[in-house]
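What's counted below: heavy atoms across the whole structure, side chains too, no hydrogens, waters or symmetry copies. Since this is a predicted model, take the numbers as computed values, not measurements. All residue numbers in this chain count up from 1 along the given sequence.
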Amino acid sequence: LDQYLGLTSDEIRTTHKLGCIYSLVQHYDKATECHKRVLTLKKEQPNITDKDLAFTLRNIGTCHFAQENYDDAMQAYKEALDASLDDDKILLLNRMGVIHSMKERKDQALVCYRKAVTIKTQSQTNNSKDETGYYILNNMGNVYLASDNETRSLACFEKALQLSNEVRDLPHKKVIRSLNNIESLSMKLDYDDESQNLNEFSGVCHLVDGNDIDVDIGIITHNIGVVQLQRGNYQDAQDSFVKSLALKEPVLGSDTHEILGSLTNLGTTHFLLREYDAATECFQRALRIVESTSNNQMHIATLNIKLGNVWAKQKKYRDAMQNYQTALEIKQELYKNTDNGTTHPEILMVQHNIGLVLAKEHKYDEAMKQLYNVYEIKKLMLGDSDIEVAKLVLDMGSVSFSRTEYARATSLCKSALKTFRENNLPPYHVYMKQTAQTLEWLKKIETKEPQERGQRNGREHCRIKNQFGSAND
């Protein structure tokens, strides 16, 4: 094996294995130094081949990938690609596709995945029942989902799930994977999209080589749940996230960051199905995991917002305000040195939610001031035709209704409705439902005789104050 890998001297062999050990204990900076030293030593050897160099370049790329140095990883993978064997090319192209996908280079990601499929199909050693097939299908599904092609995305995920279950049934598979982890540095990586997806940790997950087979199946099942969640199939999505956790927790543990995506999304399905106690349990558990592991402040802020949404739905406005204020303080600290500082969209979203809670507490003047301030900033940033700007207009209309400013409420709600229609929101969308309900009540009030209005307004106000939805429901 040493000869095959180009480990032709004691120093090269020892340095290589030391690099592997550093990688396994996640000291990737030291691992990178070791593998770069190996590359230098190999180049000094007579009769060294490009294949020998490609092996070490792959190791260097993998260390960079684990440290999120994606540009360096991509460079190493590109240098290793041509000289690698077909099976290794497939893995390299998969990782390159993941990097392109994370950088939002969707077309380039698909090119990598399709090249991998072509090599796999044409390879003399092609085995349809191995990990690479479902890696690629899963990751292609991620790209299609990011491109709003839910149908093709779901087809990829479902086929990946089928293949991964077939691989799982092969009795020798886990042994091969364990040997692979030690000898060729296809170690289990800490990267997963559950914790590092663009600004969210509950999105789809990429697959790279080295996971336990049950974890792979759990990740694909999670991804299927994400599509179902986006389609509004909340019960199906909930079932998928439950299955995903059941597959991942026995391997990864029940208190590790790797399960956060499925746990958080499970809480979201409970929230959307109005199972608020179950949602609270999921979000609080997720918060405890984050605080005891990564202490990632953005994740802590996100979970505080989700908990605030639950409390608001249960009319526990003091608790909701406390969670929103915690999230706001965290985000203000995180973004204070950025170009848009106090006007960052993440900060505005929390301020929007605080305005809605103020409205639910009947603090209409404070609520209107809060909502209007957010509206003015968002309008400058996004323009009048943006959906979220229109949502603020709608919420100000609802507050105006509660202040018995009916003409203004009607004008604001109709303005919001016009924008929603221009953006092709379907009638069942929560914003459209809120608009329709508010306009219906306004129409009823307009048709009443003046002396009858006072008798009806109290009941209508009690109803409409429950129509305010969180900015990120």
Side-chain angles (χ1 to χ4, degrees), residues 104 148 198-200 203 230 297-298 301-302 304-306 308-309 312 317 320-321 323-361 363-403 405 408-426 429-439 464-465 467-473:
E104 299 189 73
D148 296 324
L198 302 172
N199 299 324
E200 287 289 340
Q230 289 195 8
Q297 292 298 295
M298 181 59 75
T302 299
N304 269 284
I305 291 169
K306 288 180 177 292
N309 294 346
Y317 301 128
M321 187 67 79
N323 282 112
Y324 288 150
Q325 290 288 1
T326 298
L328 181 61
E329 290 169 8
I330 292 172
K331 293 195 175 191
Q332 286 173 334
E333 180 65 24
L334 289 172
Y335 295 116
K336 67 180 182 181
N337 294 323
T338 61
D339 291 340
N340 50 359
T342 58
T343 62
H344 193 282
E346 291 284 331
I347 292 174
L348 295 175
M349 182 266 288
V350 185
Q351 291 174 332
H352 186 174
N353 281 358
I354 290 172
L356 297 178
V357 171
L358 290 169
K360 290 174 181 178
E361 292 181 309
K363 299 175 181 177
Y364 299 124
D365 291 343
E366 293 179 57
M368 182 63 82
K369 181 179 179 180
Q370 179 86 357
L371 294 173
Y372 186 76
N373 287 341
V374 176
Y375 163 75
E376 284 287 288
I377 296 169
K378 277 200 168 186
K379 184 176 71 169
L380 287 173
M381 294 170 59
L382 305 172
D384 288 325
S385 60
D386 182 79
I387 291 174
E388 295 307 318
V389 173
K391 174 61 165 65
L392 282 156
V393 173
L394 172 60
D395 289 336
M396 288 191 291
S398 296
V399 173
S400 296
F401 179 99
S402 298
R403 296 165 76 179
E405 300 169 353
R408 186 183 185 199
T410 301
S411 175
L412 289 168
C413 290
K414 286 182 177 180
S415 175
L417 180 62
K418 180 175 181 290
T419 302
F420 294 150
R421 286 174 172 169
E422 289 172 351
N423 282 275
N424 299 314
L425 286 191
H429 191 282
V430 64
Y431 293 176
M432 293 289 282
K433 286 183 177 180
Q434 181 184 342
T435 310
Q437 186 68 76
T438 307
L439 286 171
I464 201 164
K465 77 183 182 67
Q467 288 297 309
F468 294 103
S470 298
N472 64 336
D473 270 3

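A heavy-atom distance below 4.5 Å is found between the side chains of Lys306 and Thr302. Counting heavy atoms from C-beta on, the side chains of Glu333 and Gln297 never come closer than 4.5 Å.
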What side-chain donor-acceptor pairs closer than 3.5 Å can you find for residues 371-381, not counting sequence neighbours?
| from | atom 1 | to | atom 2 | distance (Å) |
| --- | --- | --- | --- | --- |
| Tyr372 | OH | Glu376 | OE2 | 3.3 |
| Asn373 | ND2 | Lys369 | O | 3.3 |

Extract all donor-acceptor atom pairs below 3.5 Å that involve side chains of residues 415-422 and protein atoms in other chains or at least two apart in sequence.
| from | atom 1 | to | atom 2 | distance (Å) |
| --- | --- | --- | --- | --- |
| Lys418 | NZ | Glu422 | OE2 | 2.6 |
| Thr419 | OG1 | Ser415 | O | 3.3 |

Full working for side chain to side chain contact (heavy atoms under 4.5 Å, CB included) between Thr326 and Ile330 = CA-CA 6 Å; Thr326 298; Ile330 292 172; 4.1 Å; yes
Could you go through the side chain to side chain contact (heavy atoms under 4.5 Å, CB included) check for Gln434 and Cys413 one step at a time?
-> CA-CA 9 Å; Gln434 181 184 342; Cys413 290; over 6 Å; no
Step by step, work out the side chain to side chain contact (heavy atoms under 4.5 Å, CB included) result for Asn309 and Asn353.
-> CA-CA 8 Å; Asn309 294 346; Asn353 281 358; 3.6 Å; yes
Intermediate values then yes/no, side chain to side chain contact (heavy atoms under 4.5 Å, CB included), Met349 and Ile305 = CA-CA 10 Å; Met349 182 266 288; Ile305 291 169; 3.6 Å; yes
Derivation of the salt bridge (Lys or Arg N to Asp or Glu O under 4.0 Å) call for Glu366 and Lys363 | CA-CA 6 Å; Glu366 293 179 57; Lys363 299 175 181 177; 5.1 Å; no
List the steps, then state whether salt bridge (Lys or Arg N to Asp or Glu O under 4.0 Å) holds for Glu388 with Lys391.
-> CA-CA 5 Å; Glu388 295 307 318; Lys391 174 61 165 65; over 6 Å; no
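Partners of Asn323 by side chain to side chain donor-acceptor pair (under 3.5 Å), not counting sequence neighbours, listed by chain and number: Asn304, Trp311.
Of all non-hydrogen atoms in Gly397 and Ala409, the two that sit nearest each other are O-CB, 3.3 Å. Contact between Lys331 and Val350 at its shortest, heavy atoms only, is CD-CG2, 4.1 Å. In terms of heavy-atom proximity, Tyr317 sits nearest to Ala312 at CE2-O, 3.5 Å. Minimum interatomic distance between Ala320 and Gly308 (heavy atoms only, all atoms of both residues): CB-O, 3.4 Å. Of all non-hydrogen atoms in Tyr364 and Val399, the two that sit nearest each other are O-CG1, 3.7 Å.
A distance of 11.5 Å separates CG in Leu412 from OG1 in Thr435, rounded to the nearest 0.5 Å. Taking NZ of Lys360 as the start and OG of Ser398 as the end, the distance is 11.0 Å to the nearest 0.5 Å. How far CG of Leu425 is from NZ of Lys433: 13.0 Å, rounded to the nearest 0.5 Å. Put simply, CE on Met368 and CZ on Arg403 are 5.0 Å apart, with the number rounded to the nearest 0.5 Å. With rounding to the nearest 0.5 Å, the separation of CG in Asn423 from NE2 in His429 is 10.0 Å. Note that the CG atom of Leu392 and the CG atom of Asp386 stand 9.5 Å from one another [nearest 0.5 Å].
Panel note: side chain Gln351, backbone Gln370; no donor-acceptor pair is recorded below 3.5 Å.
No hydrogens or angles considered: nothing links the side chains of Tyr431 and Asp395 as a donor-acceptor pair under 3.5 Å.
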